[in-house]
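A short write-up of the structure that comes next.
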Amino acid sequence: MPTDLNMSLVFVSIALVTVASAVAAMTLRNLVHCVLALMLAFVGLAGLYLQLDAQFIGFAQILVYIGAVAILIVFAILLTRGTESPLQSIVSPSWAISSVVSVAVFGVLAWTIRSSIATRHPTPPQPEATVKQIGNALMSRFAIPLEVVGVLLTAALVGAVTIATQDKRETK
């Protein structure tokens with residue numbers, strides 16, 4: 001029983017850090033700080049996946065979102081807009097109405113999911129795919145699509161850097 005309590009405390013603490021950093025990513029004014037908070041939210045999600053024994057998804061979260069997407073966002077911010085904060089407030093005057101609508105939509109979705117017939121069926125047994133098996137499949141059967149995606153992402157990054165540097169040269 002103590003291990004269940006410890007696991008619950010770890011889950012709750014990771015979930016709180018994830019939610020807090022996601023809220024910070026939405027409310028901070030400095031773009032670089034927003035991206036750092038978003039990266040912390042991604043780390044929290046990876047921790048939740050790893051705790052729920054979804055190792056492949058957790059490691060993919062770390063590699064793809066933290067290692068690639070967040071770094072790409074930082075480069076895009078640094079190459080294009082800079083680090084200046086916006087002059088006007090980010091929070092809209094109608095934030096209260098938006099909050100009420102968001103909570104109402106969340107409530108309707110939660111009620112729909114809880115009362116759905118799909119949640120009453122017994123869950124099928126989970127497949128026993130390990131990270132090693134998935135890695136072997138990626139490096140054997142899916143090696144060419146994996147390489148194509150890598151080349152495509154590299155070309156997109158080079159194109160973004162080229163466009164950003166051309167725009168800076170034209171404005172000078």
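The structure displayed is predicted, hence computed values, not measured ones. In this chain, residues are counted from 1 in sequence order.
Residues that satisfy the ring pair (Phe, Tyr, Trp, His ring centres under 6.0 Å) test with Y65, not counting sequence neighbours, are F42. Every residue meeting the side-chain contact (heavy atoms from CB on, under 4.5 Å) condition with A22, not counting sequence neighbours, appears here in chain and number order: A41. The side-chain contact (heavy atoms from CB on, under 4.5 Å) search around A24 returns L28, A37, not counting sequence neighbours. Under the side-chain contact (heavy atoms from CB on, under 4.5 Å) criterion, V43 pairs with I66, sequence neighbours left out.
For residues 7-29, no residue pair satisfies the ring pair (Phe, Tyr, Trp, His ring centres under 6.0 Å) rule, not counting sequence neighbours. Residues in residues 20-39 take part in no ring pair (Phe, Tyr, Trp, His ring centres under 6.0 Å) pair, two or more places apart or across chains.
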Please output the side-chain donor-acceptor pairs of residues 100-113 that fall under 3.5 Å, not counting sequence neighbours, one pair per line with the distance.
residue, atom, partner, partner atom, Å
S102, OG, S98, O, 2.9
T112, OG1, V108, O, 2.7

Output a table of donor-acceptor pairs, distance under 3.5 Å, between side-chain atoms of residues 132-142 and any protein atom two or more places apart or on a different chain; print 'none' if there are none.
residue, atom, partner, partner atom, Å
Q133, OE1, T130, N, 3.0
N136, ND2, K132, O, 3.3
S140, OG, N136, O, 2.7

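Residues L153 make up the rest of the hydrophobic cluster containing V149, defined by ILVMFWY side-chain heavy atoms closer than 4.5 Å, directly or through other members. V148 shares a hydrophobic cluster with I144; the chain of contacts runs through ILVMFWY side chains whose heavy atoms sit under 4.5 Å apart. In this structure, L40 shares a hydrophobic cluster with V17, the cluster being traced through Ile, Leu, Val, Met, Phe, Trp and Tyr side chains under 4.5 angstrom apart. Alongside L16, the hydrophobic cluster contains V12 (criterion: ILVMFWY side chains under 4.5 Å).
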Next item on the list: Let me see the working for D53 and Q55 under side-chain contact (heavy atoms from CB on, under 4.5 Å), right down to the final yes or no.
Entry: CA-CA 6 Å; D53 288 332; Q55 286 88 9; 3.7 Å; yes

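Between the OG1 atom of T18 and the CG atom of L45 there is a distance of 5.5 Å, given to the nearest 0.5 Å. Atom CE in M26 sits 10.0 Å away from atom OG in S21 (nearest 0.5 Å). Atom CG of residue L50 and atom CD1 of residue I14 lie 8.5 Å apart, to the nearest 0.5 angstrom.
Within 6.0 Å of CG in L9 there are more than 12 heavy atoms belonging to other residues, nucleotides or ligands.
For the residue pair V32 and N30, the shortest heavy atom distance occurs at N-OD1, 3.1 Å.
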